[in-house]
Amino acid sequence: MVSTNLTKYYAEMIVIEFEKRFRDRGFLSSLFSSSTSNLRQRCRTSKADSGASKTYPQQAGTIRKNGYIVIKGRPCKVVVEVSTSKTGKHGHAKCHFVAIDIFTAKKLEDIVPSSHNCDVPHVTRTDYQLIDISEDDFVSLLTESGGTKDDLRLPTDEPLLTQIRDGFAAGKDLIVTVMSAMGEEQICALKGMGSKLLRLASSKFSLRLGLVEVSWLDPR
């Protein structure tokens with residue numbers, strides 16, 4: 001019977017010979033390079049996903065109207081006062097949530113024991129200046145760093161959509177607010193419209209004349 005050590009030795013020799021024969025052809029080099037690249041990419045993606053949680057826990061009994069909650073995997077805003085049932089003989093008081101999906105406006109409801117934790121989405125709002133609107137309704141937004149954000153479409157809300165289209169067609173500077181939560185983004189508001197010759201931002205007036213910009217602080 002062949003010993004285990006001898007079997008391992010022959011196995012190693014076969015692998016070494018295999019590598020020698022294919023290395024010259026660039027086969028293994030290409031294979032290992034591709035595998036390493038994919039592995040590094042997966043590691044970077046994994047680290048990015050794990051580094052920022054999309055939700056945080058909050059006790060159901062502490063969530064109030066206008067607060068946020070995750071219902072059926074969707075980020076929602078509580079739109080009515082939270083009703084709480086009385087404690088029964090064999091259970092906890094329960095909270096009844098009536099909420100609206102912040103992206104689709106769909107009504108969702110849930111009932112959760114008041115002492116249990118609920119998932120609450122991290123909701124952020126960021127302001128951008130609107131630069132352009134493409135023919136397929138994608139918008140180009142100016143970021144703080146001077147770059148552009150080009151992965152969002154115009155909102156589906158008709159009044160907001162009309163305001164943005166009309167303001168852009170009139171040649172006005174538009175500042176839109178983008179709401180982000182749980183990996184989704186959407187334009188949710190139009191904060192202000194100003195003339196291209198005179199704009200108001202953060203209590204600071206800025207008069208643009210050609211390439212010259214004269215600015216002064218609002219004394220109020």
Side-chain angles (χ1 to χ4, degrees), residues 38 40-58 60 62-80 82 97-110 112 117-194 196 199-202 204:
N38 292 337
R40 288 176 178 172
Q41 181 63 36
R42 288 197 297 270
C43 288
R44 285 195 293 267
T45 303
S46 178
K47 289 180 180 179
D49 291 343
S50 61
S53 176
K54 297 177 181 180
T55 64
Y56 63 92
Q58 182 175 340
T62 64
I63 299 176
R64 299 288 182 263
K65 181 181 178 181
N66 295 324
Y68 295 103
I69 186 173
V70 176
I71 298 179
K72 297 180 180 178
R74 299 295 303 168
C76 300
K77 184 174 184 178
V78 180
V79 293
V80 299
V82 180
F97 296 101
V98 179
I100 296 294
D101 188 312
I102 62 176
F103 293 118
T104 67
K106 181 180 179 180
K107 181 180 177 181
L108 296 170
E109 297 186 46
D110 198 8
V112 184
N117 281 340
C118 295
D119 286 332
V120 176
H122 288 286
V123 180
T124 61
R125 288 177 173 79
T126 308
D127 292 339
Y128 298 96
Q129 182 176 347
L130 177 64
I131 300 175
D132 193 18
I133 301 176
S134 68
E135 293 182 356
D136 53 356
D137 288 343
F138 276 95
V139 296
S140 182
L141 307 175
L142 181 65
T143 65
E144 287 187 353
S145 62
T148 59
K149 179 177 177 62
D150 306 295
D151 58 347
L152 290 178
R153 287 182 178 271
L154 287 169
T156 56
D157 179 73
E158 284 298 332
L160 179 58
L161 176 61
T162 300
Q163 289 181 6
I164 294 175
R165 284 193 180 280
D166 291 350
F168 185 77
K172 295 182 178 180
D173 286 333
L174 305 182
I175 304 298
V176 298
T177 300
V178 175
M179 179 167 55
S180 305
M182 297 179 67
E184 294 185 48
E185 291 182 311
Q186 188 178 83
I187 295 175
C188 65
L190 181 64
K191 294 196 69 172
M193 295 187 294
K196 284 190 175 180
R199 66 179 58 170
L200 173 63
S202 302
K204 180 180 179 181

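These numbers were taken from a predicted model, which means no experiment stands behind them.
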From CD1 (Ile131) to OG1 (Thr143), nearest 0.5 Å: 8.0 Å
State the OG1-CD1 distance between Thr55 and Ile69, to the nearest 0.5 angstrom. 11.5 Å
CD1 of Ile63 to CZ of Phe97: how many Å apart, nearest 0.5 Å? 4.5 Å
Those residues at least two apart in sequence (or on a different chain) that pass side-chain contact (heavy atoms from CB on, under 4.5 Å) with Asn66 are Lys77
Hey, can you pull the donor-acceptor pairs under 3.5 Å for the side chains in residues 118-126, sequence neighbours left out?
unit_1 : atom_1 : unit_2 : atom_2 : d
Arg125 : NH1    : Tyr68  : OH     : 3.4
Arg125 : NH2    : Tyr68  : OH     : 3.1

Is the closest side-chain heavy-atom distance between Val70 and Met182 below 4.5 Å? yes
State, to 0.1 Å, how close Val82 and Lys65 come at their nearest heavy-atom pair, and which atoms those are. CG2-N, 4.4 Å
Roughly how far apart are Arg165 CZ and Glu158 CD, rounded to 0.5 Å? 9.0 Å
If we check side-chain contact (heavy atoms from CB on, under 4.5 Å) with Leu190, which of these qualifies: Ile175, Val176, Leu130? Val176
Sub-4.5 Å side-chain heavy-atom contact between Phe168 and Asp132: yes
Starting at CG of Leu142, measure out to CG of Asp173 and round the result to the nearest 0.5 Å. 10.5 Å
About how many Å separate CG of Leu161 and CG of Asp166, when rounded to the nearest 0.5 Å? 9.0 Å
Main-chain N/O of Asp136 paired to Arg153 side chain as donor or acceptor, under 3.5 Å: yes
What one should report as the nearest heavy-atom pair of Cys188 and Met179 is SG-CB, 3.8 Å
Would you say Ile187 and Ile164 make side-chain contact, with heavy atoms under 4.5 Å? yes
Going by atom type alone, with no hydrogens or angles, which donor-acceptor pairs under 3.5 Å involve a side-chain atom of residues 98-107 and a protein atom two or more places apart or on another chain?
unit_1 : atom_1 : unit_2 : atom_2 : d
Asp101 : OD1    : Arg74  : NH2    : 3.4
Asp101 : OD1    : Phe103 : N      : 2.8
Asp101 : OD1    : Thr104 : N      : 3.2
Asp101 : OD2    : Arg74  : NE     : 2.6
Asp101 : OD2    : Arg74  : NH2    : 3.3
Asp101 : OD2    : Thr104 : OG1    : 3.3
Thr104 : OG1    : Lys106 : N      : 3.3

